[in-house]
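First comes the structure, then the notes that go with it.
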Amino acid sequence: MENAARGAREAGVNRITLGKAEGYYKEDTAFLFVDCFAKDDEEKTLVEVDVTYEKTTDRAVIQNMASLAAETLRLGAREVWDCESADALPNGSPQVG
């Protein structure tokens with residue numbers, strides 16, 4: 001998560017948050033990260049989702065990309081990796097900015 005936090009502080013990026021997930025939008029890609037402890041494993045994994053579309057400053061497009069990343073991250077954390085942190089990823093749109 002350190003890299004996610006560092007990336008969110010770079011000039012020209014928009015920070016994205018969703019519960020315990022953090023990320024950012026830069027140039028043409030929305031990145032979203034969450035730490036994952038699988039319920040049947042003691043090793044921590046960093047789960048990353050990125051959505052690339054087009055380089056834009058349009059807030060509606062950035063929000064849509066962030067929302068797609070959030071839905072994908074929730075699905076992956078709940079259904080693929082079975083992360084304990086999945087419950088800390090609320091339904092709905094992430095915060096951008």
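What's counted below: heavy atoms across the whole structure, side chains too, no hydrogens, waters or symmetry copies.
Contact of the F33 side chain with the E22 side chain is not registered, since no non-hydrogen atoms from C-beta on lie closer than 4.5 Å.
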For residues 81-92, dump all side-chain donor-acceptor pairs below 3.5 Å to protein atoms at least two apart in sequence or in another chain.
from: S85; atom 1: OG; to: D35; atom 2: O; distance (Å): 2.7

Check residues 47-57 and write down every donor-acceptor pair under 3.5 Å in which the side-chain atom is one partner and the other belongs to a residue at least two apart or another chain.
from: T52; atom 1: OG1; to: T29; atom 2: OG1; distance (Å): 2.8
from: T56; atom 1: OG1; to: D58; atom 2: N; distance (Å): 2.9

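Shortest non-hydrogen contact noted between S93 and Q63 is CB-NE2, 3.7 Å.
A continuous path of hydrophobic side-chain contacts links L32 to V80 [ILVMFWY only; heavy atoms under 4.5 Å].
Residue pairs that meet the salt bridge (Lys or Arg N to Asp or Glu O under 4.0 Å) test with at least one member in residues 64-79, sequence neighbours left out, are E71-R74.
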Side chain to side chain contact (heavy atoms under 4.5 Å, CB included) between R15 and Q95, worked out
CA-CA 8 Å; R15 187 169 185 233; Q95 297 295 314; over 6 Å; no
Using side chain to side chain contact (heavy atoms under 4.5 Å, CB included), reason through N64 and L68 one step at a time and then give a plain yes or no.
CA-CA 6 Å; N64 286 339; L68 178 57; over 6 Å; no
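Taking the ring pair (Phe, Tyr, Trp, His ring centres under 6.0 Å) definition, one finds that F31 meets it with Y24, sequence neighbours left out.
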